[in-house]
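Note sheet for the following structure.
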Amino acid sequence: MPSSLTTRLGLALPIIQGPMTGSDTPALAAAVSEAGGLGMLGCGMRSPAAMAAAAADVRERTHKPFGMNLFVQATPTPDEAEVTRAMQRLAPLYAEFGLVPERPAQWCEDFAAQFEALLAARPAVASFTFGILTAAQVARLHAVGGYVIGTATTVAEAQAWAAVGADAVCASGMEAGGHRGTFLTPTQPAAATGAAPSLADFEASMVGTLTLVTQCVDALSIPVLAAGGLMDGRGLAGALTLCAQGVQMGTAFLTCPESGIGAAYRKALTQAQATDTRTTRIFSGRPARGIVNTMMEQLRADEATVPPYPVQNALTGALRRASDQAGRADHLSLWAGQGVAAVRPMPAAALVARLEAEWRTAMPGIASQSGPPQNY
């Protein structure tokens, strides 16, 4: 690499907090950035106004660089019959809380408006998942000083991001918690003509972190970040040994007090083992890894028939909020990676410091350096 990602971004550590839409907060992002890593705001479900407010909040807490993440998606126009069937399917679950499912006012935020808000906010890093930008959109971000990171679940997707001018790629392995970022069909990887990935495509794109990072590093000339199942400094050291230029950790930061999750979700995380997670479409309509719970089991037979994201996600939103408010984890989307058994509840700054100490112990040759090695 001509220069390391950390040098380009002015980071003390090659640690990026995963952009956990719905679970992150400005306090978490600021704490990670202030501790030497890169804090991220997951803005996929934030309105343009909320994006601006969140960015301003982070800047009030730290002068260090931070990033913002968006979902690249079109506003859907679902079939009304499909929506009706989905609401009928969810009705018994809503009834447990004395509620009935209702058609939401909107299925998702408008991506074009969010993109303009992102340009106006001018974070140091702009990252994306669920889809891919055009070269013109990447150029607009570069024009305002943005560093663009695209999410890839296959080498073909990583190459597609490099082709449109992305500065780096986050290689997201199958171990990662939350939604899969798959956007290309493995049978036609070069086209990316807008055809949505099928369930078979998502399954074919379940590549392990170690394999994906290694292959992306070999295939690209831009920095690669590792994501998926990484929870401690040993994982960081291992990723750097594979020539990744940093790691993105989401699940590791979920139990920090600065995260936005509720008590039931926190308890589920601290009690889970790696074998307790599964990839499901039940909650949102897009495959995502989370801790198995009652709702996931009750609707298991409907995995292939629930509406695609963001329709199912919007239809289950009120149900998930009711479950959270009731202190129940049985109807929550408990997103978590396969490393969940290693969560360590502590303030974000303390966790970053712990990760650095473990990393330096695992890589003794850098113990005396004040920052990350420049050749990894």
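As a basis for the values below, the full set of heavy atoms in this structure was taken, side chains included, without hydrogen atoms, waters or symmetry mates.
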*Could you tell me whether a side-chain N or O of Gln114 sits under 3.5 Å from a main-chain N or O of Cys43, the two making a donor and an acceptor?*
yes
*For the side chain of Asn293 and the backbone of Ala329, is there at least one donor-acceptor N/O pair under 3.5 Å apart?*
yes
*Determine yes or no for a side-chain-to-main-chain donor-acceptor pair under 3.5 angstrom, with Thr251 supplying the side chain and Gly337 the backbone.*
yes
*Between Asp324 and Arg320, is the closest basic N to carboxylate O distance under 4.0 Å?*
no
*Kindly say whether Tyr309 contributes a backbone atom to a donor-acceptor pair with the side chain of Arg281 at under 3.5 angstrom?*
no
*Could you tell me whether a side-chain N or O of Arg328 sits under 3.5 Å from a main-chain N or O of Ala264, the two making a donor and an acceptor?*
no
*Can His179 and Thr129 be counted as having a side-chain donor-acceptor contact under 3.5 angstrom?*
no
*Is there a donor-acceptor pair under 3.5 Å between the side chain of Thr316 and the backbone N or O of Phe283?*
yes
*Are any of the side-chain nitrogens in Glu203 or Arg180 under 4.0 Å away from the carboxylate oxygens of its partner?*
no
*If you measure only the distance, is there a donor-acceptor pair under 3.5 Å linking the side chains of Ser284 and Asn313?*
no
*Donor-acceptor contact below 3.5 Å, side chain Gln245 vs main chain Thr6*: no
*Does a donor on one side chain sit under 3.5 Å from an acceptor on the other, for Thr153 and Glu157?*
yes
*Is it true that a side-chain atom of Tyr265 and a backbone atom of Gly260 form a donor plus acceptor pair closer than 3.5 Å?*
no
_Residues Asp302 and Arg85 bridged, charged N to O under 4.0 Å_ = no
*Under 3.5 Å, is there a donor-acceptor pair between the Ser33 and Arg61 side chains?*
no
*Can you check whether Ala29's main-chain N or O pairs, donor with acceptor, with Asp24's side chain at less than 3.5 Å?*
no
*Any donor and acceptor pair, going by atom type alone, linking the side chain of Glu109 with main-chain N or O of Gly44 inside 3.5 Å?*
no
